[in-house]
Protein chains: 2
Amino acid sequence: MVQIPNTPTSADVARLAGVSRATVSYVLNNTSAVRISEPTRRRVHEAARELGYVPHAAARSLRAGHSRMVLMPAPAIPVGPLYSGFLNELQWALGRLDYTVVQYGTVGLQGDEAARAWAELRPVAVLVPGADLGPQGVGVLKRSGARAVVTLGPGSVDGAHALLMDHDAVGHCAGAHLYARGRRRIGVVVPEESGLEAYSRPRLAGVLQALRGTDATVTELPLAYTEESAARLAVRWRESGLDAVFAYNDEYAMLLMRALQDEGVRVPEDVALIGADDLMLGRLLRPRLSTVHIDLPSGRDLAELVDRAVRDPSGEPEVHKVLGASVVRRESS
Amino acid sequence: MVQIPNTPTSADVARLAGVSRATVSYVLNNTSAVRISEPTRRRVHEAARELGYVPHAAARSLRAGHSRMVLMPAPAIPVGPLYSGFLNELQWALGRLDYTVVQYGTVGLQGDEAARAWAELRPVAVLVPGADLGPQGVGVLKRSGARAVVTLGPGSVDGAHALLMDHDAVGHCAGAHLYARGRRRIGVVVPEESGLEAYSRPRLAGVLQALRGTDATVTELPLAYTEESAARLAVRWRESGLDAVFAYNDEYAMLLMRALQDEGVRVPEDVALIGADDLMLGRLLRPRLSTVHIDLPSGRDLAELVDRAVRDPSGEPEVHKVLGASVVRRESS
DNA sequence: TTGAAAGCGTTACCAA
DNA sequence: TTGGTAACGCTTTCAA
């Protein structure tokens, strides 16, 4: 017969220590408004340890009327070292401010439905990467007690703070660089993988904007992240007449570079190539890959924004441009 | 003056609809044990929509005595496409089974302290990647109501289910392969970055095991993920006399390959090189990088294990070896 | 210094 | 078909 242990509650601790539940709460929370005798204190701690008592977060925040939970929908697409480093720093910084960061696995849920699912947890703040949140969603979250809603993505939403990750700037940088290098027939890789449109569209738009009013032409190059797809693109390269490519990011750039070289297209002589994200691996190619270096905000800064917003929820939503982009020219352009 | 909207509760909905809280609950949860008239039903839904009512998960699970939350500590190190694909699949599969997956940002917390933090959320199941959980921790979690504790990592812990990710096998594969290719003086890259020991140690051990009792020698090669570090290693390469390397993974392999080639060391003629993880990018190198392909379990399978364990918590802990490793020979070995 | 009791938002039982 | 009520675990006010 299996002993199914019942989860100990503060009442169990109280009973074992021979005190009331109130006293247990005072002791375990170090409530300063009330002085508990040292022996009692010890008995309570003892009892809690013995029972393996762990407080019940839900009950606690239900009673308190609020929690310190910061909720982030977990990004559905694999995320590079850049962004995951940022996430880590952010979690650490929020942890220092005594928040608990929780990534919520929003699978099939869309838009407002997702917002409602998040709202059920009554987080004190919500950080939403990407563009999956509308004004409705912000309303739902605020009404359910979120004191701060922050979007991290291309646009800003009414009522929410925004960290504008302006990927146009990445494309703009790349386009201007290629133009300055004397290239005029410029291709822009657009990944065929779904979920990347949120980045690829603005990057393309940035290139277009950088070249508007010049004599350069811009050609979209759909490309899947497979060698076959890259080979198909490479095989028809010469007839395309392109003399430069912004390859969306370093990984697609590496893929394309190899395919082009296999076709005898020389980089950078025949075609200048530039990626983005400044991955270590791009540096290892021959020629070394030029790239657009992206600066994300520091996790500390975002954590402080969140904290500020939580403390003063009626403050005006802040909107910050936080994505710095700069060309790192190496050998491929 | 700013209107701070109070979060609507089911009582508010009841008042607006002119019914009792119980009725609201029945309607919104489609309770089948009870029949509510169509007009009432409509009024309730109407009222809920109008107020933007969102149920309070904490209150609900407090009342119910359990939740459907599956908690995973968020991995602190950046995680490759392989593992993050696995995570996604897992979240999706658990979502289909009506669980809610939450990644908990455990920063700084160690061992049992971390386990207690997780336990506060009273998850129905806990999935712990890595080796950060001891038997004590399992005890805390179980006592606080977790019906399944599953570790994903190198070892198994008493009382918990285990998906054994036996990274020894990766090293074993690589070592055996290099030996079979006629190499005898074999280097093994050990990343200097902290947090990777959990993988690098067993991979090294696997190589050693594969070569035990043969005439081959194994040399540890500490390497940081920087070009400088790789260059330092490469510069002293010839005197090391090594004729093969297992480079921990594809990224370190790419780093090292470039550094070696820059020193005029030929791959694979002078030194055979093999990585691990079967990244797309390794295929793009010259020579194309040999690698150890790693098979993770399907997210669906793990989801089903979790579900089984939740339904029958008294079942024997299952221990599965789930890491398949196989060499993909390309041109570098 | 300690204890009794109320109440946070839900749901489920029992009555009406 | 609907409503009252108790209970989940915790904190806090008020009394003793």
Side-chain angles (χ1 to χ4, degrees), chain A residues 6-44 47-48 51-69 116 119-124 143-145, chain B residues 6-45 47-48 51-69 119-124 143-145:
Chain A
N6 247 344
T7 308
T9 72
S10 74
D12 297 321
V13 177
R15 205 168 310 126
L16 182 56
V19 298
S20 74
R21 274 151 63 232
T23 306
V24 170
S25 176
Y26 292 143
V27 171
L28 296 182
N29 296 309
N30 267 319
T31 309
S32 50
V34 116
R35 306 215 59 79
I36 305 281
S37 70
E38 203 44 52
T40 307
R41 222 168 246 292
R42 263 217 325 281
R43 282 216 312 286
V44 170
L51 294 174
Y53 169 71
V54 175
H56 192 307
R60 175 178 284 175
S61 68
L62 183 58
R63 164 68 221 224
H66 59 257
S67 73
R68 302 277 295 171
M69 188 202 307
R116 257 190 306 272
E120 291 194 358
L121 297 186
R122 298 292 191 271
V124 69
R143 234 174 300 124
S144 68
Chain B
N6 248 344
T7 308
T9 72
S10 73
D12 297 320
V13 177
R15 206 166 312 128
L16 182 56
V19 299
S20 75
R21 273 148 65 232
T23 306
V24 170
S25 176
Y26 292 144
V27 171
L28 296 182
N29 297 309
N30 268 319
T31 310
S32 50
V34 111
R35 307 217 62 79
I36 305 282
S37 70
E38 203 43 54
T40 307
R41 222 167 246 292
R42 262 215 327 281
R43 280 214 314 286
V44 170
H45 277 123
L51 294 175
Y53 169 72
V54 175
H56 192 308
R60 177 178 283 175
S61 70
L62 182 58
R63 162 68 221 218
H66 59 257
S67 72
R68 303 277 296 173
M69 187 201 305
E120 291 195 357
L121 297 186
R122 298 291 192 272
V124 69
R143 235 174 300 122
S144 67

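Values reported hereafter were calculated over all heavy atoms of this structure, with side chains retained and with hydrogens, waters and symmetry mates removed. Lettering follows sequence order; numbering is per chain, from 1.
At a threshold of 4.5 Å between non-hydrogen side-chain atoms, the residues A:R41 and A:V19 do not count as touching. Put simply, the side chain of B:M69 does not reach to within 4.5 Å of the side chain of A:L121, judged on heavy atoms. Counting heavy atoms from C-beta outward, A:T9 and A:H56 have side chains that stay 4.5 Å or more apart.
Nearest nucleotide to the A:T9 side chain, out of C:dT2, D:dC10, D:dT2: D:dC10. Among the nucleotides C:dT10, D:dT2, D:dC10, the one closest to any side-chain atom of A:H56 is D:dC10.
For the pair A:L121 CG and C:dT10 P, the computed distance is 13 Å after rounding to whole Å. Distance, A:R42 CZ to C:dT2 P: 13 Å, rounded to whole Å. At whole-Å resolution of the value, CG in A:L62 and P in C:dG7 are 14 Å apart. Rounded to whole Å, the distance from NE2 on B:H66 to P on C:dT10 is 16 Å. Per the geometry, CZ belonging to A:R41 stands 9 Å off P belonging to C:dT2, to the nearest Å. In this structure, B:E38 atom CD and D:dT2 atom C1' are separated by 15 Å, rounded to whole Å. Rounded to whole angstrom, the span from the CD1 atom of B:I36 across to the P atom of C:dT11 amounts to 13 Å.
For D:dG3, its base sits under 3.5 Å from the side chain of B:Y26 at one donor and acceptor pair at least. Between the side chain of B:R63 and the base of C:dT10, no donor-acceptor pair of N or O atoms lies under 3.5 Å.
Listed by residue number, B:S10, B:R21, B:A22 are the residues of residues 10-24 of chain B with a heavy-atom contact under 4.0 Å to DNA chain C.
Taking CZ from B:R43 and CD from B:E38, the interatomic distance works out to 11.5 Å, rounded to the nearest 0.5 Å. One distance of note links OG1 of B:T23 with CD1 of B:I36; it measures 5.0 Å at 0.5 Å rounding.
Within the nucleic acid shown, A:S25 comes within 4.0 Å of at least one base atom, counting heavy atoms only. Note on A:T40: only backbone sugar-phosphate atoms sit closer than 4.0 angstrom, heavy atoms only; bases stay farther off.
Annotation for B:L28 and B:A48: closest pair CD2-CB, 4.4 Å, computed over non-hydrogen atoms. Closest approach of A:L51 to A:P8, counting heavy atoms only: O-CG, 3.5 Å. Between A:R143 and B:G52, the shortest heavy-atom distance links the atoms NH1-CA, 3.2 Å. The two atoms that bring B:S144 and B:R122 nearest to each other are O-CD, 3.0 Å, heavy atoms only.
Rounded to 10 degrees, the angle separating the terminal helix axes of the helix from C:dT1-D:dA16 to C:dA16-D:dT1, each built from five base pairs, is 50°.
Each of B:R60 and A:R43 has a nearest nucleotide on DNA chain C; the 5'-most of these lies closest to A:R43.
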